[in-house]
Number of protein chains: 2
Amino acid sequence: MMEKRSHCPFVFALDLIGDKWSLIILRDIILMNKKFYKDFSNSGEGISTNILADRLAKLECAKIIFKKRDSVDKKRFIYSPTEKGLDLIPMMLEMVLWSARYDKKSAISADILKLIKKDPDNFMENIKNRFR
Amino acid sequence: MMEKRSHCPFVFALDLIGDKWSLIILRDIILMNKKFYKDFSNSGEGISTNILADRLAKLECAKIIFKKRDSVDKKRFIYSPTEKGLDLIPMMLEMVLWSARYDKKSAISADILKLIKKDPDNFMENIKNRFR
DNA sequence: TTGCGTTACTTGTAAATTGCAAGCATAAGC
DNA sequence: GCTTATGCTTGCAATTTACAAGTAACGCAA
């Protein structure tokens with residue numbers, strides 16, 4: 001599908017993460033420090049397992065995340081962000097700021113919001129350092 | 001649907017603009033200066049008219065855009081961004097920067113890219129001034 | 001080494017969403 | 001009042017998603 005969609009930057013990004021679930025998974029991996037399939041499945045947002053498997057495969061295929069066996073418990077896999085995935089952080093933070101402004105019931109804490117606003121680059125670097 | 005989705009900022013944003021078309025429409029309105037239904041329909045991305053009508057209605061319902069009759073040609077309607085819609089610009093620009101970095105065939109010009117990187121706030125203010 | 005639980009999926013099927021082509025409604029201009 | 005332009009709506013087939021159930025691979029304990 002989508003052969004006729006252009007090389008517009010929006011089209012590029014939306015074809016990779018423009019659905020209701022991909023960014024939720026990336027939120028879990030990048031911001032919530034989750035690593036395992038089961039963590040994503042139990043994130044509380046109600047993603048079904050077939051969709052979760054499909055999105056993880058697509059994100060891995062797009063080199064936004066990667067997957068490796070956990071050396072501690074070889075039954076499971078660790079999903080981690082690539083640099084390409086981590087570079088989505090600025091966009092994700094702007095999305096958070098927008099939602100915090102317009103969602104009266106926003107569940108984000110004022111403290112974290114302040115941190116993001118004060119120095120978004122620093123906020124991002126702290127996250128990146130966790131993965132290196 | 002989606003009664004069980006949380007008040008996470010990502011969920012809030014994705015429920016409003018997390019699909020393959022809403023941000024394309026907003027790109028046309030906010031960044032490409034398009035105003036009319038037919039402009040969106042002919043944007044070259046191949047959106048079908050029922051989906052276009054549906055997304056315009058949802059964006060209007062979410063107060064991200066608004067619609068009024070064109071006083072010059074009363075056959076048609078003008079679609080414009082609200083402040084809430086314009087406040088999506090920072091997120092949209094970060095999305096553009098990410099795509100420009102990772103899409104080897106990106107169709108965006110180096111000049112515009114430079115403008116965005118140099119002073120994103122100024123870039124946004126210039127756009128906002130067009131609508132006021 | 002064999003059965004058992006844990007993790008990570010896959011499969012089947014129904015429901016919802018989308019794409020495509022065609023048709024309809026309203027307003028202007030002649 | 002007929003024609004054209006614009007902005008949709010409708011019907012139906014195809015694709016995608018949700019939900020429930022089942023399976024495969026591994027580690028561990030007996």
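So that the names make sense, note that chain A is the first sequence line, chain B the second, and so on, each numbered from 1.
Spacing between atom CD1 of A:Ile51 and atom P of D:dT16 amounts to 10 Å, rounded to whole angstrom units. The interatomic distance linking B:Lys58 (NZ) with C:dA16 (C1') rounds to 11 Å, in whole Å. Put simply, CD on B:Glu45 is 13 Å from P on C:dG19, counting in whole angstrom units. B:Arg69 has its CZ atom 12 Å from the C1' atom of D:dC8, to the nearest Å. Rounded to an integer number of Å, the gap from A:Asn42 CG to C:dA8 P is 10 Å. As a whole-Å value, the separation of A:Ile78 CD1 from C:dC9 P is 13 Å. Per the geometry, CG belonging to A:Asp73 stands 12 Å off P belonging to D:dC26, to the nearest Å. If you measure from atom CG of A:Asp19 to atom C1' of D:dA18, you get 14 Å, rounded to the nearest angstrom.
To the nearest 0.5 Å, atom CD1 of residue B:Ile78 and atom NZ of residue B:Lys67 are 12.5 Å apart.
No side-chain donor-acceptor contact under 3.5 Å links B:Ser41 to the backbone of B:Tyr37. Judged purely by atom type and a 3.5 angstrom limit, A:Glu94 has no side-chain atom pairing as donor or acceptor with the backbone of B:Met92.
Between A:Tyr37 and the phosphate of D:dA25, there is no side-chain N or O to OP1/OP2 separation shorter than 4.0 Å. For C:dC9, one of the phosphate oxygens OP1 or OP2 lies less than 4.0 angstrom from a side-chain nitrogen or oxygen of A:Lys67. At the phosphate of C:dT17, neither OP1 nor OP2 sits under 4.0 Å from any side-chain N or O atom of B:Trp21. For C:dT18, the OP1/OP2 oxygens have a side-chain nitrogen or oxygen of B:Arg55 closer than 4.0 Å. Remark: A:Lys38 is in phosphate contact with C:dT7, judged by side-chain N or O atoms under 4.0 Å from OP1 or OP2.
B:Lys75 comes within contact range of at least one nucleobase, with a heavy-atom separation under 4.0 Å. A:Phe40 comes within 4.0 angstrom of nothing in the nucleic acid, heavy atoms only.
With C:dT10, C:dC9, C:dA22 as the candidates, the nucleotide lying closest to the side chain of B:Thr49 is C:dA22. Closest contact between the side chain of B:Ser48 and the listed nucleotides C:dT7, C:dT10, C:dG19 involves C:dG19.
A donor atom on one side chain and an acceptor atom on the other are found under 3.5 Å apart for B:Tyr102 and A:Asp87.
Closest-nucleotide positions on DNA chain D for B:Asn50 and A:Asp54 were compared, and the one nearer the 5' end corresponds to B:Asn50.
The same ILVMFWY cluster, assembled from side-chain heavy atoms under 4.5 Å apart, contains both B:Leu31 and B:Met91.
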